[in-house]
Amino acid sequence: MSQELSEQELLRRQSLQKLRELGVDPYPAEAFNVTHLAADLKDNFEEGCAVKMAGRMMSQRIMGKASFAEIQDSSGRIQVYFNRDEICPNEDKTLYNEVFKKLLDLGDFIGIEGVVFKTQVGEISVNVKNFHLLSKALRPLPLPKTDANGVVHDAFTDPELRYRQRYVDLVVNPTVKNTFIKRSKTFSAMRRFFETQGFLEVETPILQAIPGGAAAKPFVTHHNALDIPLYLRIANELYLKRLIVGGFDGVFEFAKDFRNEGMDRTHNPEFTVMELYVAYKDYHWMMDFTEKLMENIAVAVNGSAECLVGEHKISFKAPFRRISMRDAILHYTGIDIQGKDEVSLREECAKIGIETNPTMGVGKLIDEIFGEKCEGHFIQPTFITDYPIEMSPLCKQHRENPNLTERFELMINGKEIANAYSELNDPIDQKERFEAQLKLSERGDDEAMFIDHDFLRALEYGMPPTSGIGIGMDRLAMLLTNNASIQEVLFFPQMRPEAKSTLVLSDLENQILSFCSTEPTLLSELRMKVDCSNKQWDVSLKNLTKHQVLSIQKVNDSVFVTKNN
RNA sequence: GAUUCCGUAGCUCAGCUGGUAGAGCAAUACACUUUUAAUGUAUGGGCCCUGGGUUCGAAUCCCAGCGGGAUCACCA
């Protein structure tokens, strides 16, 4: 069932009909070959230049026989000038008077042919010689306007509407479009950087029988032919490492991962991670590489290594500060985690007001302290290195301290942006670490992993020393576009389903209807037959008359109800 | 999951201690040949989120629900 149309939607449908009657196809099939974009004309003004342009008509200022309109194409807006006698040189002025002035609506796609000129006020414009309707819009767009002082009025700002109808958001809010252009540039700059290193872009399974490579709750689905559960991947790490086993020296993948966890301004159920694995490297090499990568991307996206994020100016200029997790915690809390066991860490947590629970092991406790007391301090890009072994089951033991791992996270603006290791390639050690994780999960830590025996088998064939990194692409896009919520950098963030509007008659409405006939019935008599509150009565009756199921007439002082056919 | 705020015209928003719905833009009609938030005159447009309750009477007060925002928790 379609919704009832608003007045404006009805009017646009009527215009559509009238256009057809005038022989104008509102949805023509032919290509319209554009020669210039709006931005081209503004960048290179050339008086008298003949142009063909197309886009949405976003404003119309009609002044009798002359009019101005604005066309918005992918590059921006350009003013166009319509003169009745130029468009209609003959007696028949229908094209201007009817088609342009009355039957075109804001939001319609039109194509124009004309020549470039400057108006008396000095605005670069196109003098239209001929125009074509390319596609009619049946719904009105929200129309924010910018006044002479640059203040935007009636901006389309409601986040719910903007996310649910991103297409409208993009049409109407130029900064939103710019965010997504920057997001795309972030990806392409990264890809280019990797390709110049000779790394290979690959694709690995999204449907996995064992969701490995991270500790997170997966989405479950079912394969009918195999009759087995399959999981949407939570990470692609274990597959990329198999490819290093197979003999590639550098592989990367921009991967959509899926985690069945909470949603908020930094978490969407599906998100994008770039993972890269390079053979014969360690995490020191990866740090050097990462800071160069970040600087390169920042420049490619924003034209500068400096970038404003909230109230902070962040510099992506390499090199970045490096500090071990032990020193970071020591610095911000005075606690030395070196050599501390679970019991004494729990005591330290209690002292500084961090809640703990019995399922937390040493790794989790240290992570709590860091997350709670340190993380937020690292505004400028900083590598936090050497994580405790309990929290890094896929990472190689530290070459100097067996309680640590060769791992770093890149923190920017107080948030984790990247996570990297010297990858664990000792298959026996790996197996033991998986088993230790499994034990943790038996304590109730619901993020623990499954054991991927095929991955262990692959390691047994031998994996060269490898360094790997995962970069949260959404988080990175948030930084580079100065957005505080992930929804702003995803075209279509996950939303609760829209409530359906049901136009089905209620029981009460049906009951009322059953007492009515095509003969007029006295309203007061009808009221007595129906047992309901005054409010229910009022709403139901209004509904029925609104949908023209019933009609009400007043004759003298009596009110009658009649059923419509 | 917790707390809190919000939901009124196509858009942005007013609407007082309850009294039968308001503005600007958009729309419609007319005027106007270089305007630019064009202008002037006139007109139409509302399931006031949904359901229940209190009341003679609810957009307004109460309860529940739905949707959204913010903050917090969770998220190696």
- [ ] Determine the interatomic distance between P on B:rA21 and the same-named atom on B:rA59; round to the nearest Å.
- [x] 9 Å
TODO: Would you kindly compare A:Ser485 and A:Thr119 by the position of their nearest RNA chain B nucleotide and give the one closer to the 5′ end?
DONE: A:Thr119
Task: Atom C1', compared across B:rG53 and B:rG44: separation rounded to whole Å - done: 36 Å
Task: For B:rA58, the Watson-Crick or wobble partner whose two distances fall under 3.5 Å - done: none
Task: Euclidean distance for P, B:rU20 against B:rC25 (whole angstrom) - done: 26 Å
Task: Who pairs with B:rG44 - Watson-Crick or G-U, where each distance is under 3.5 Å - done: none
Open item on the list: Of the options B:rU35, B:rA26, B:rU33, whose atoms approach the side-chain atoms of A:Leu143 most closely?
Closed with: B:rA26
TODO: Take the protein atom CE of A:Met57 and the nucleotide atom C1' of B:rU35, then report the distance between them rounded to whole Å.
DONE: 15 Å
Open item on the list: Within the 4.0 Å heavy-atom criterion, would you say A:Lys415 contacts the bases, only the backbone, or no part of the nucleic acid?
Closed with: nothing
Task: Check: A:Gln79 side chain, B:rU35 base, donor-acceptor under 3.5 Å - done: yes
Task: Value in whole Å for how far the C1' atom of B:rA29 lies from NZ of A:Lys101 - done: 12 Å
TODO: Provide the Watson-Crick or G-U wobble partner of B:rC25, both distances under 3.5 Å; none if there is no partner.
DONE: B:rG10
- [ ] Classify the side chain of A:Asp264 versus the base of B:rA73 as yes if they form a donor-acceptor pair under 3.5 Å and no if they do not.
- [x] yes
Task: Test: A:Glu9 and A:Arg139 ion pair at under 4.0 Å - done: yes
TODO: Could you check how far CD of A:Glu70 sits from P of B:rA26, rounded to whole Å?
DONE: 12 Å
Open item on the list: I'd like to know if A:Arg162 pairs up with A:Glu488 as an ion pair, taking the criterion as any Lys NZ or Arg NE/NH1/NH2 lying under 4.0 Å from an Asp or Glu carboxylate oxygen.
Closed with: yes
Task: From B:rU36, B:rU28, B:rA29, nucleotide with atom closest to A:Leu11 side chain - done: B:rU28
- [ ] Could you measure between the two P atoms, the one in B:rA9 and the one in B:rC48, and give it in whole Å?
- [x] 9 Å
TODO: Scan every strand shown for a Watson-Crick or G-U wobble partner of B:rU4, both distances under 3.5 Å, and answer none if you come up empty.
DONE: B:rG69
Open item on the list: With a 4.0 Å cutoff (strictly under), does any side-chain N or O of A:Lys145 reach OP1 or OP2 of B:rA26?
Closed with: yes
TODO: Please test A:Glu409 against A:Arg407 for salt bridge (Lys or Arg N to Asp or Glu O under 4.0 Å), starting from the C-alpha separation and ending with a verdict.
DONE: CA-CA 7 Å; A:Glu409 287 196 3; A:Arg407 169 178 178 181; 2.8 Å; yes
- [ ] Looking only at side-chain atoms of A:Asp85, point me to the closest of B:rU35, B:rG68, B:rU33.
- [x] B:rU33
- [ ] May I ask you to say whether A:Asp108 pairs ionically with A:Arg56, meaning some side-chain N is under 4.0 Å from a carboxylate O?
- [x] no
Open item on the list: Test your reading of the model: is there a side-chain donor-acceptor pair from A:Asn236 to the backbone of A:Tyr239, 3.5 Å cut-off?
Closed with: no
- [ ] Have a look at A:Arg407 and say if it touches a base, only the backbone sugar-phosphate, or nothing, with a 4.0 Å heavy-atom cut-off.
- [x] sugar-phosphate
Task: SB check A:Lys118 A:Glu123 (cutoff 4.0 Å) - done: no
Task: Separation of the C1' atoms in B:rC5 and B:rA42, to the nearest angstrom - done: 41 Å
- [ ] Please check if any side-chain donor atom of A:Asp264 sits under 3.5 Å from a side-chain acceptor atom of A:Thr266, or the reverse.
- [x] yes
Open item on the list: Looking at A:Lys256 and A:Glu270, is any side-chain nitrogen of the basic one under 4.0 Å from a carboxylate oxygen of the acidic one?
Closed with: yes
Open item on the list: Go nucleotide by nucleotide along RNA chain B from the 5' end; which of A:Asn127 and A:Leu161 gets its closest nucleotide reached first?
Closed with: A:Leu161
Task: Whole-angstrom distance between B:rA29 and B:rG67, as gauged at atom C1' - done: 39 Å
- [ ] Hunt down the Watson-Crick or G-U wobble partner of B:rU33, both distances under 3.5 Å, from any strand shown, or write none.
- [x] none
- [ ] Have a look at A:Arg265 and say if it touches a base, only the backbone sugar-phosphate, or nothing, with a 4.0 Å heavy-atom cut-off.
- [x] sugar-phosphate
TODO: From the options B:rG69, B:rA26, B:rU34, select the nucleotide whose nearest atom is closest to the side chain of A:Leu106.
DONE: B:rA26
Open item on the list: Over all strands shown, is A:Leu141 touching base, sugar-phosphate only, or nothing at heavy-atom distances under 4.0 angstrom?
Closed with: nothing
- [ ] Respond yes when some side-chain nitrogen or oxygen of A:Lys118 is under 4.0 Å from OP1 or OP2 of B:rU36, and no when none is.
- [x] no
Open item on the list: Does a side-chain N or O of A:Arg164 approach OP1 or OP2 of B:rG68 to a distance below 4.0 Å, or not?
Closed with: yes
TODO: With the side chain of A:Glu160 defined as its heavy atoms from C-beta on, choose the nearest nucleotide among B:rU35, B:rG68, B:rA29.
DONE: B:rG68
- [ ] Write down the distance between OH (A:Tyr81) and C1' (B:rA38), rounded to a whole number of angstrom.
- [x] 14 Å
Task: Among B:rA26, B:rU35, B:rG69, the one nearest A:Pro159 by side-chain distance - done: B:rG69
Task: Protein-nucleotide distance (A:Gln8, atom CD; B:rU28, atom P), rounded to Å - done: 8 Å
- [ ] Measure from CZ on A:Phe117 to P on B:rU35 and round the result to the nearest Å.
- [x] 10 Å
Task: Nucleotide nearest A:Phe68 (side chain, heavy atoms from C-beta), chosen from B:rU33, B:rU34, B:rU12 - done: B:rU34
TODO: Measure the distance from NZ on A:Lys18 to P on B:rA29 and round it to the nearest whole Å.
DONE: 7 Å
- [ ] Could you measure between the two C1' atoms, the one in B:rG7 and the one in B:rC49, and give it in whole Å?
- [x] 6 Å
TODO: Would you state whether a donor and an acceptor, one from the side chain of A:Glu7 and one from the base of B:rG44, lie under 3.5 Å apart?
DONE: yes
Task: A:Arg61 side chain near B:rA26 phosphate (N/O to OP1/OP2, under 4.0 Å) - done: no
Task: No-H, no-angle donor-acceptor pair, A:Asp154 side chain to B:rG24 base, under 3.5 Å - done: yes
Task: Watson-Crick or G-U wobble mate for B:rA64, both contacts under 3.5 Å - done: B:rU50
TODO: Taking only Lys NZ, Arg NE, NH1 and NH2, and the carboxylate oxygens of Asp or Glu, determine whether A:Glu375 and A:Lys415 approach each other closer than 4.0 Å.
DONE: no
Task: Residue A:Pro142, side-chain atoms from C-beta onward, closest of B:rU35, B:rU12, B:rC11 - done: B:rC11
TODO: Using whole Å, report how far CG of A:Asp147 lies from P of B:rG24.
DONE: 17 Å
- [ ] Could you give the distance separating B:rA58 and B:rG18 at their P atoms, to the nearest angstrom?
- [x] 13 Å
